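As structure tokens, the structure follows; a few thoughts come after it.
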Amino acid sequence: MFISFEGMDGSGKTTQVSRVISELRSHGHNLLVTREPGGTEVGEQIRTILMDKANTAMTARAELLLFCASRAQLVSSVIRPHLESGGVVICDRYIDSSLAYQGYGHGLGAEAVSPVLDFATGGLVPDLTVYLDISPEEGLHRRAQAALKGEEFTRLDAMATEFHQRVYAGYAEIGRRAGRR
Ligand code: TYD
């Protein structure tokens, strides 16, 4: 089984993921936990480029392709092998993040982004996606508080409020279209 977690920045996703992990581990599941972007050596290097506040000139298309490059590496070298060996995979962010952030947030459009996601993943879609619904205002407030306490505040956190509002509306739309997943 392949489970992804999605939500706005500051939604508490990482906290909930770690709770689910301990619960599933206590039941003896063969669990693989991974995060996006990152999760492989190549992916972590791509993550550094994506999070770097100096890269303000990065275009939305370049950003999408970098996220997808990291994801392609993760899917073929980590996620698929683990699923094929019968394990459970939990991913902190996956394809819906690209749809919400690049497709809706940056306005590339779901129609343009979907085929790129399909190419990067070879069509691998989660069996279940847990979406933590928090308003962009509350999410940003929490992230700013965390930044005051010394947590990293990245290039993507620094995007304008309107950007986060479009991402939020995007997640709502993705949820409506996702059907049973
Ligand atoms: P991260 O530090 O993992 O944030 P969080 O703890 O909220 O998951 O940073 C990931 C950032 O990258 C987050 O702002 C969402 C964004 N993102 C995209 O824009 N597109 C994507 O495809 C993915 C995976 C993440």
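None of the values given here were measured: they were computed from a predicted structure. Start at 1 and go down the list; that is how both ligands and their atoms are numbered.
- Between the H82 side chain and the N30 main chain, a donor and an acceptor come within less than 3.5 Å of each other.
- At least one donor-acceptor pair closer than 3.5 Å links the side chain of R142 to the backbone N or O of G10.
- Compare Y94, F67, F163, F5 by their heavy atoms: the one nearest to atom 17 (N) of ligand 1 is in F67.
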Between H164 and D9, is the side chain to side chain contact (heavy atoms under 4.5 Å, CB included) condition met? List the steps. CA-CA 9 Å; H164 291 276; D9 303 271; 3.9 Å; yes
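- Atom 1 (P) of ligand 1 has its nearest heavy-atom neighbour, among E36, R47, E63, in R47.
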The test is side-chain hydrogen bond (donor to acceptor under 3.5 Å, both in side chains); show your working for E36 and S70 and say whether it passes. CA-CA 8 Å; E36 283 222 343; S70 167; 5.7 Å; no
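- Of all the heavy atoms of R71, the ones lying under 4.0 Å from any atom of ligand 1 belong exclusively to the side chain.
- With ligand atoms numbered from 1 in the order given, ligand 1 contributes 9 (O), 10 (C), 11 (C), 12 (O) to contacts under 4.0 Å with heavy atoms of M51.
- Taking only nitrogen or oxygen atoms, main chain and side chain alike, K13 reaches within less than 3.5 Å of ligand 1.
- Close N/O approach between Q102 and ligand 1 is found [any backbone or side-chain N/O within under 3.5 Å].
- With hydrogens and angles ignored, the 3.5 Å screen pairs no side-chain donor or acceptor of S114 with any backbone N or O of E111.
- Residue-ligand proximity: M8 is placed with every non-hydrogen atom at 4.0 Å or more from ligand 1.
- Remark: E173 engages R177 in a salt bridge, criterion side-chain N to carboxylate O under 4.0 Å.
- Y171 and Y101 have perpendicular rings, their planes meeting at more than 60° on a 0 to 90° scale where under 30° would count as parallel.
- Neither the backbone nor the side chain of R35 has a heavy atom within less than 4.0 Å of ligand 1.
- No part of E6 comes within 4.0 Å of ligand 1, judged by heavy-atom distances.
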